[in-house]
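One structure is given below, encoded as structure tokens.
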Amino acid sequence: MIIAFRTDSSNDIGTGHVMRCLSLADVLRERGAECIFITMETPGNLIAAIRACGHEVVELPATTSTHIENETIDAALSINGLIGKKVDWIVVDHYQLGSDWEIAMTPHCKKILVIDDLINRPHTCDLLLNQNHGCDPHSYADLVPSHCQVLAGANYALLRPQFSATRTTGQNRTAEGRLKHIVVTMGGIDIGNASSKILETLAQCDLDADCKISVVLRTASPWQAEAELLATAMPYQTNILYNVTDMAELMAGCDLAITAAGTTLWELCCLGIPMIAVITADNQLHSATTLQTNGGLLLIDNPSLLAAELPMRIQQCQQQSLRQSLSTTASSVTDGYGTHRVAEALSASAMEACTVRAMTPTDLETVLTWRNHPDTRQHMRTRHAIDKHEHASWFARSSQDPAQRLLIVEENGIPFGFVRLSNVAQGSCAEWGFYVAPGMPTGSGKKLGKAALDFAFDSLAISQMIGTVFPENMRSIHFHKSLGFVQQHHHESNDEGTLCFVMPAEFWRYGKTS
């Protein structure tokens with residue numbers, strides 16, 4: 001595959017967008033992909049770092065500011081930079097680019113992935129990633145096309161493999177008593193010289209004399225000289241570390257991290273590191289607040305509050321029991337394999353990854369778990385939780401009924417949904433019922449529906465598929481309509497209190513949705 005990334009970094013924008021795209025590009029290259037970065041020559045850019053990682057760079061001319069005033073012009077420049085390349089995916093990670101840019105790029109690639117944090121504008125894309133904790137994929141229902149798959153939550157966070165590899169070390173830390181090592185990492189740009197403000201405050205805190213402080217900066221930081229001067233005057237051993245290549249190892253060896261509330265949150269969560277997070281940008285507030293509410297971090301809402309609030313937070317973190325609680329909650333947020341999950345989604349899109357097979361006795365426990373989940377049961381005719389004996393009895397009867405098919409839908413060999421077909425015979429009007437495994441990303445239901453309909457019409461040669469839906473189940477109503485089902489108000493399959501949707505075979509074969 002050839003995958004192009006459109007993202008920028010600068011003293012104003014920061015480095016987070018490029019760094020997370022680099023994490024994804026490195027993993028994709030291991031899978032054989034060629035990755036190209038399209039990025040602007042802005043002050044503080046990471047173009048040299050991208051090239052040092054071995055990726056091609058198309059440089060866009062810097063404007064008088066880092067603000068993109070015209071999406072169409074930016075798209076034209078991007079297209080020009082890709083001449084001669086047959087691009088499979090374009091990945092765009094940029095707050096100033098939206099649907100207009102994506103529409104302009106659509107003829108020049110097979111598919112588009114949008115990386116977003118804001119949920120504030122429409123997108124024309126095939127895959128959307130929001131890696132922030134607490135993100136609800138349904139927030140994008142009116143912002144993306146119906147076929148778009150939404151990957152939401154910190155288990156899709158684009159972390160470097162070093163974090164998942166170091167995760168056990170971080171979770172098994174045995175720090176006892178008071179704080180011995182504090183890591184300060186306020187982002188690639190260190191907006192507002194927050195690191196220096198933290199050092200000034202830590203100098204006044206009651207820490208053990210042998211406590212060590214490590215401050216992570218880039219050599220391009222405009223605050224380098226001030227931070228070094230403060231470090232030499234600190235009452236505790238303080239080291240300024242530049243361009244750290246193994247952040248996972250550094251973090252895993254600390255008792256507490258003081259961090260900007262950006263992507264670094266997910267790195268620290270993966271390792272189970274107790275943390276004090278500082279909001280340095282408005283888009284960080286929702287995730288950091290959600291994590292604080294769940295007990296995963298202590299929060300300072302603004303760098304201006306550091307002098308007033310940091311000493312109190314440090315005092316709280318002297319308690320080992322609180323640090324252990326913060327660590328346990330944080331480590332449950334992400335396992336660090338998000339980059340691989342996103343890479344798999346990009347790789348799998350090029351093939352027909354969904355298959356349908358008959359349900360077997362080995363699937364009983366899995367299907368029962370899906371069936372008894374509250375989100376599934378609330379839309380069933382029988383809404384009580386089924387026990388194992390009732391479930392086994394149902395399977396024994398139904399699997400022997402020649403008019404029924406009990407099916408498992410898999411993606412890349414992993415089961416993710418169940419389909420039941422009734423009244424199955426060649427040329428018949430069959431009826432279906434189905435559910436997707438709880439927690440699957442948005443778009444999984446449509447994958448299941450397409451695979452099941454292909455199987456029913458092509459392999460079983462039924463003439464018509466019927467779906468009955470309770471009127472309050474708006475998601476299922478929308479689902480049937482998005483696949484091309486037509487609602488019929490008078491049909492023999494209508495049960496009292498349900499709606500009936502019909503899909504003739506010829507509609508499916510000649511009018512399939514994309």
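On a predicted model such as this, the values are computed, not experimentally measured, just so you know.
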Cation-pi, F470 ring and R383 (6.0 angstrom, 45 degrees): yes

S304 and N302: side chain donor to acceptor below 3.5 Å: yes

M275: which of I258, V183, L265 passes side-chain contact (heavy atoms from CB on, under 4.5 Å): L265

T124 OG1 to L143 CG distance, which is reported to the nearest 0.5 Å: 10.5 Å

Donor-acceptor pair between N132 and D117 side chains, under 3.5 angstrom: yes

Closest contact, heavy atoms only, L128 versus Y140: CD2-CZ, 3.4 Å

Spacing of CD1 belonging to I182 relative to OG1 belonging to T238, to within rounding of 0.5 Å: 9.0 Å

Any donor-acceptor N or O pair under 3.5 Å, side chains H391, N372: no

Qualifying residue for side-chain contact (heavy atoms from CB on, under 4.5 Å) with W101, from I90, I68, V114: I90

N/O donor-acceptor pair under 3.5 Å between T339 side chain and L24 backbone: no

Minimal non-hydrogen separation, L207 against L202, with atom names: CD1-O, 4.3 Å

Distance-only polar pair, side chains of N283 and Y95, donor-acceptor under 3.5 Å: yes

Evaluation steps, side chain to side chain contact (heavy atoms under 4.5 Å, CB included), between K446 and Q149: CA-CA 9 Å; K446 200 160 187 179; Q149 182 182 6; over 6 Å; no

Polar contact flag, side-chain donor to acceptor under 3.5 angstrom, R323-Q320: no

Partner set under side-chain contact (heavy atoms from CB on, under 4.5 Å) for A49, not counting sequence neighbours: L46

S331 versus R167, closest heavy-atom pair with distance: O-NH2, 2.9 Å

Near-ring test F479/F434, centroid separation under 6.0 angstrom: yes

Spacing of Q318 atom CD and Q315 atom CD [to the nearest 0.5 Å]: 8.0 Å

Worked check of salt bridge (charged side-chain N to carboxylate O under 4.0 Å, His left out) between D208 and K180: CA-CA 7 Å; D208 285 356; K180 299 298 183 184; 3.0 Å; yes

Rounded distance [0.5 Å steps], OG in S482 versus CD1 in I477: 12.0 Å

Between D255 and H181: side-chain donor-acceptor atoms closer than 3.5 Å: no

P122 side chain near V144 side chain, heavy-atom distance below 4.5 Å: no

Exercise: identify the closest heavy-atom pair between I213 and M234: CD1-CE, 3.7 Å

Set of salt bridge (charged side-chain N to carboxylate O under 4.0 Å, His left out) partners for R121, sequence neighbours left out: D116

Stepwise side chain to side chain donor-acceptor pair (under 3.5 Å) check, E226 with N193: CA-CA 9 Å; E226 183 177 346; N193 196 15; 2.9 Å; yes

N239 versus S214, side-chain donor and acceptor atoms under 3.5 Å: no

Distance-only side-chain donor-acceptor flag, H147 / D126, under 3.5 Å: yes

Donor-acceptor side-chain pairing of E267 and T263 below 3.5 angstrom: no

Worked verdict on E228 versus T232 for side chain to side chain donor-acceptor pair (under 3.5 Å): CA-CA 6 Å; E228 289 183 347; T232 60; over 6 Å; no

Exercise: identify the closest heavy-atom pair between L285 and I279: CA-CD1, 3.9 Å

Contact summary for A277 and L297, nearest pair of heavy atoms: CB-CD2, 3.9 Å

Distance flag, aromatic centroids of H379 and Y435, threshold under 6.0 Å: no

Pair D74-H94, side-chain donor/acceptor within less than 3.5 Å: no

